[in-house]
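Below: the structure, in structure tokens.
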Amino acid sequence: MSKMIGSPLPNIPWQDKPAACTEPIWRYERNPVIPRNAIPRANSIFNSAVVPYGDGFAGVFRCDDKERRQDLYTGFSSDGINWTLENDPIRFTADDPEINRHEYKYDPRVCLLDGKYYVTWCNGYHGPTIGVGYTEDFKSYVQLENAFLPYNRNGVLFPRKIGGNYAMVSRPSDMGHTAFGDIFYSESPDLVYWGKHRHVMAPTDETPWQSLKIGAGPTPIETDEGWLLIYHGVLLSCNGYVYSFGAAMLDLAEPWKVLYRSRPYLMSPQELYEIAGDVPNVAFPCAALTDPANGKIAIYYGCADTTTGLAFTTADELTAWLKGNSF
Ligand code: BMA
């Protein structure tokens, strides 16, 4: 069984697997944890990124407001379940005003790396690309250079350097609601200049839930056997896109090498709050809390582009399932 690497998290939000559940993942019974109207200006709060912070948790949340502008907001929680969000969006500072110009920001990820909380997101800069910034206190935020040229989405940093460089997976795309997309890996010596691009995985018709496009979800989880990557996959049905998620195990030293990749989805939109909302049929993971001491994993995922839900698994269950259901 794989052992997760990292600090223990005894206060991880958690619910034991229901006796009747035969799946490797189970939903929090009081989902969604963050309602669409948790702050006054919100139309919807979903695709959200949370990390342990202080005695509790902090996060960066995607909120579309009632003008339907997409932006990032800070939130805090003592238990990972009850969240208090700031009423106003995060405003990053930057050395170069060109970098700081704001079009839209969405789908954040947060990654603790070298003592700073790095935020990556889909950043509007003449089309979507990968915005990068950091905070040390979830009060002031600094924005760095965009990682890539447009068009790109789903940029997710690894939580430590690989081969001496910062490492990120991303999904090159196009201007619109991209109907294609592979996951690529890139490295950078300084978080400014990115290169050493490597292909990781493509969508595949063999398993239609991930046949249209795929994208990395939470910060990869380090285990003694490889990086556990939870990722979303999209099916084009006769009724539109369906966003499910699965898992892969990537090589520790060369993460573009895929050791295992799930054939079935791990979770697909099935509950009412996942199949009905502003964009129906979306389960979109953006964060995972882990407690390596007890093997627990808590996954935060966007539900129907409207609310945020929580689902649980363990490193043992997930890796056994992955190995038994891999290409
Ligand atoms: C993607 C992104 C996500 C969203 C998903 C489903 O392209 O915009 O934020 O959850 O589509 O609408």
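Counting convention: from 1, in listed order, for ligands and their atoms alike. Count residues from 1 along the sequence. Keep in mind that this is a model prediction, so the values were computed, not measured.
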- Message: Under 4.0 Å, heavy-atom basis, I'd like to know which part of Thr178 is in contact with ligand 1: side chain, backbone, both or neither.
- Response: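 Answer for Thr178: neither.
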
- Message: I need the contact type for Tyr241 against ligand 1. Using non-hydrogen atoms and a strict under-4.0 Å cut-off, is it side chain, backbone, both or neither?
- Response: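 Near ligand 1, Tyr241 shows nothing, with every heavy atom at 4.0 Å or more.
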
In ligand 1, which numbered atoms sit nearer than 4.0 Å to a non-hydrogen atom of [X]?
X	value
Val279	12 (O)
Asp305	4 (C), 6 (C), 10 (O), 12 (O)
Arg62	3 (C), 8 (O), 9 (O)

- Message: Distance alone, cut at 3.5 Å: any donor-acceptor contact between the side chains of Ser170 and Asn152?
- Response: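 Side-chain D/A pair, Ser170 to Asn152: present.
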
- Modelled atom types, side-chain donor and acceptor of Asn154 and Arg109, under 3.5 Å: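 Yes - a donor-acceptor pair under 3.5 Å links their side chains.
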
- Message: Check this for me: does any side-chain nitrogen of one of Arg27 and Glu274 sit under 4.0 Å from a carboxylate oxygen of the other?
- Response: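 Salt bridge: yes.
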
- Message: Give me the residue, atom name and distance of the protein heavy atom closest to atom 11 (O) of ligand 1.
- Response: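 It is Tyr243 OH, 3.0 Å.
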
- Protein contact to atom 2 (C) of ligand 1 [nearest heavy atom, distance to 0.1 Å]: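 Looking only at protein heavy atoms, the one closest to atom 2 (C) of ligand 1 is Asp107 OD2, 3.4 Å.
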
- With no hydrogens and no angle check, is any side-chain donor or acceptor of Gln210 less than 3.5 Å from a backbone partner on Ser262?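 Side chain of Gln210 to backbone of Ser262, a donor-acceptor pair under 3.5 Å: yes, one is there.
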
Distance under 6.0 Å and angle within 45° of ring axis: [X] vs [Y]:
X	Y	value
Arg62	Tyr106	yes
Lys161	Tyr166	yes
Arg263	Phe327	yes

- Can an N or O of Arg153 be found at a distance shorter than 3.5 Å from an N or O of ligand 1?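 Not met; the criterion fails.
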
- Query: Can an N or O of Tyr106 be found at a distance shorter than 3.5 Å from an N or O of ligand 1?
  - Reply: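 Such a contact does not occur with ligand 1.
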
